[in-house]
Amino acid sequence: MAIRPASEASFEYSVPIVVIGAGACGLTAALSAHEQGAGVLVLERDSRPSGSTSLSAGLIPAAGTRFQREKGIEDSPELFAADLAAKAHGENDPGVVRAIAEASGPTVDWLAESQGLEFHLVEGFTYPGHSRLRMHGPKSQTGADLEAMLLGAAERAGIDIVTNASVEDLFADESGRVVAVAAKRPDGTEEIVGCEAVILACNGFGGNPDLVRRHIPEMAEAEYCGHTSNTGDALAWGQVLGAATGDLASYQGHGSVPRPHSAPLTWAVITLGGFQVNRDGRRFANEMRGYSEHAEEVLKQPDRFAWDIYDARCEAPALAFHDYKEFKRLGAIKEAGSISELAAVTGIPEDALAKTLADVQGYARGGGTDPFGRDFTINPPLSPPYRAAKITGALFHTQGGLAIDAEAQVLRPDGTRLPNLFAGGGAARGLSGPSSWGYLSGNGLLSATVLGRIAGLAAARLVGRGA
């Protein structure tokens, strides 16, 4: 990956806006710019667009949507921004947080009403850190369906998406203005496309072991469950162009990934009263801190695994997730009618498991205080039949990246803008602050779709096609 002099750019055709990456960020950006009348070309490295979006649950948190109003849920950008800031301990960019919170509801409504995406509001449980029900996504609650719907919208709009086009180099002048991009095709040939603006929507660096080891050493040996094409290209280009970066130690992990599968088991089963134990039958952390930071806690346990323990009541909302139904079909979810059966299917010492379960049931009834600080009284005690899943901690995507302003334009260290470079999703500094503890559920797709929307509109204005 390199930045080449603008004088070396020789191209036969040019488009106003080039979008690099055809995941949720890139497609939302392209749809937004196209709607304003700007010409857009999306370049995608893979043969079939999927990216991190397809590996997610496809859920976008947003405040003040029509879906919330239809359910009588009162929410606001101010409340959402406060939740985002609280989870990140106030160490995220307040201007970007405010801009994303304000644009979140309108973005989800626009995707549904103008672009034809079929969304619903997830009910039945509240994700940790969110003060309202605000997760929106496909009814299957799978990212593959979200990606498919976005691709369908792009096709209906007539947006050109070129696959098998791996962008290797950008051409820029001395001011940092990008004038063209070079994409390598499968046969090794290079195609150069001129442009007036570039939107980096090619995610972060989770698929680059060297960068993970440098910036997130605690996850260097963790299983990576993100998209392998997330190799840090946007970060490399931006840094050579003189961009500032932020929060490179931040990431979204997940402390509940069933072995040997690579998709997360929804945290709903924990939120509703489930808990985790290690191989010795002992709890080891407050599970309600959040599933991202909990990945590291799981990896600290003997043999780097743990068990989710919950019951049929906790499982009920999980059954709405496509991935969860697949886990059941593949036998990753164990069932037990008693503690002795639970011990048998997990291999956990029965006496230790029985004590831990009795302690948790006691906390739920108000009989004692959890030493890890979790409040179990908000849910009923667990009861048979029980469920159990053997899980590990994993890295899904990075949350640090290029510094941006409230219009998703990339910034230099002195706060000035690079002339025509925009970034969203994992390519940009996210909303999660400097570490894993700042990740609020849905931050990945929130920054992808909403920053994509913001970047597309801003780029269209820059090239003279936006209002």
Side-chain angles (χ1 to χ4, degrees), residues 1-23 25-49 51 151 154-155 157-203 229 231-243 402 408-410 417-425 427 452 455-466:
M1 303 299 149
I3 301 296
R4 291 154 65 178
S7 59
E8 294 182 5
S10 176
F11 45 87
E12 295 183 359
Y13 66 96
S14 177
V15 294
I17 300 171
V18 168
V19 178
I20 303 176
C25 181
L27 294 174
T28 305
L31 287 163
S32 300
H34 175 82
E35 189 179 62
Q36 297 299 305
V40 185
L41 175 65
V42 181
L43 299 176
E44 167 58 43
R45 172 179 293 175
D46 297 337
S47 59
R48 184 177 64 85
L151 286 168
E155 183 178 1
I159 293 171
D160 291 326
I161 302 173
V162 180
T163 58
N164 287 314
S166 177
V167 177
E168 303 290 327
D169 300 334
L170 308 185
F171 295 84
D173 62 22
E174 293 181 356
S175 73
R177 180 179 300 277
V178 180
V179 301
V181 304
K184 183 177 289 186
R185 304 294 278 164
D187 62 3
T189 59
E190 180 181 76
E191 294 184 5
I192 300 177
V193 181
C195 59
E196 298 173 47
V198 172
I199 299 174
L200 300 175
C202 43
N203 212 280
S229 290
T231 52
D233 303 344
L235 185 64
W237 290 319
Q239 287 178 309
V240 175
L241 288 169
L402 302 176
Q409 195 155 352
V410 178
R417 293 172 161 181
L418 284 170
N420 64 342
L421 189 65
F422 300 83
L457 294 174
R461 288 193 295 272
L462 183 70
V463 302
R465 301 296 175 87

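Computed over heavy atoms, backbone and side chain alike; hydrogens, waters and symmetry mates excluded.
Nearest heavy atoms, Pro186 versus Asn164: CD-O, 3.3 Å. Nearest heavy-atom pair across Val463 and Pro16 is CG1-O, 3.9 Å. Between Val178 and Leu241, the shortest heavy-atom distance links the atoms CG2-CD1, 4.1 Å. Minimum heavy-atom separation, Ala427 to Ala234: CB-CB, 3.6 Å. For the residue pair Ser229 and Asp46, the shortest heavy atom distance occurs at OG-OD1, 3.1 Å. Nearest heavy-atom pair, Phe422 versus Ala197, reported as atom, atom and distance to 0.1 Å: CE1-CB, 4.3 Å.
Judged by distance alone, the side chain of Asp160 and the main-chain N or O of Leu41 form no donor-acceptor pair under 3.5 Å. Listed for the His34 side chain is no donor-acceptor partner under 3.5 Å among the backbone atoms of Ile159. When atom types are taken as modelled, the side chain of Gln409 and the backbone of Leu418 share a donor-acceptor pair closer than 3.5 angstrom.
Across Ile20, Val167, Asp233, a single residue satisfies side chain to side chain contact (heavy atoms under 4.5 Å, CB included) together with Arg45, and that is Asp233.
Within a 6.0 Å sphere centred on CZ of Arg185, heavy atoms belonging to other residues, nucleotides or ligands number more than 12. Glu155 CD: 12 or fewer foreign heavy atoms inside a 6.0 Å radius.
Side-chain contact between Gln36 and Leu457: present, with at least one pair of heavy atoms (C-beta onward) separated by less than 4.5 Å. Ile199 places none of its side-chain heavy atoms less than 4.5 Å from the side chain of Val40. Under the 4.5 Å side-chain criterion, counting only non-hydrogen atoms from C-beta, Leu462 is not in contact with Ile17. Under the 4.5 Å side-chain criterion, counting only non-hydrogen atoms from C-beta, Tyr13 is in contact with Glu191.
Atom-to-atom distance recorded for Leu200:CG and Leu421:CG is 4.5 Å, nearest 0.5 angstrom. Atom CG of Leu170 sits about 4.0 Å away from atom CD1 of Ile3, to the nearest 0.5 Å. In this structure, the separation between CG on Leu235 and CG on Leu402 is 6.0 Å, given to the nearest 0.5 Å. From Asp169, atom CG reaches atom NZ of Lys184 across 8.5 Å, with rounding to the nearest 0.5 Å.
In this structure Ser10 satisfies the side chain to side chain contact (heavy atoms under 4.5 Å, CB included) test with no other residue, sequence neighbours excluded.
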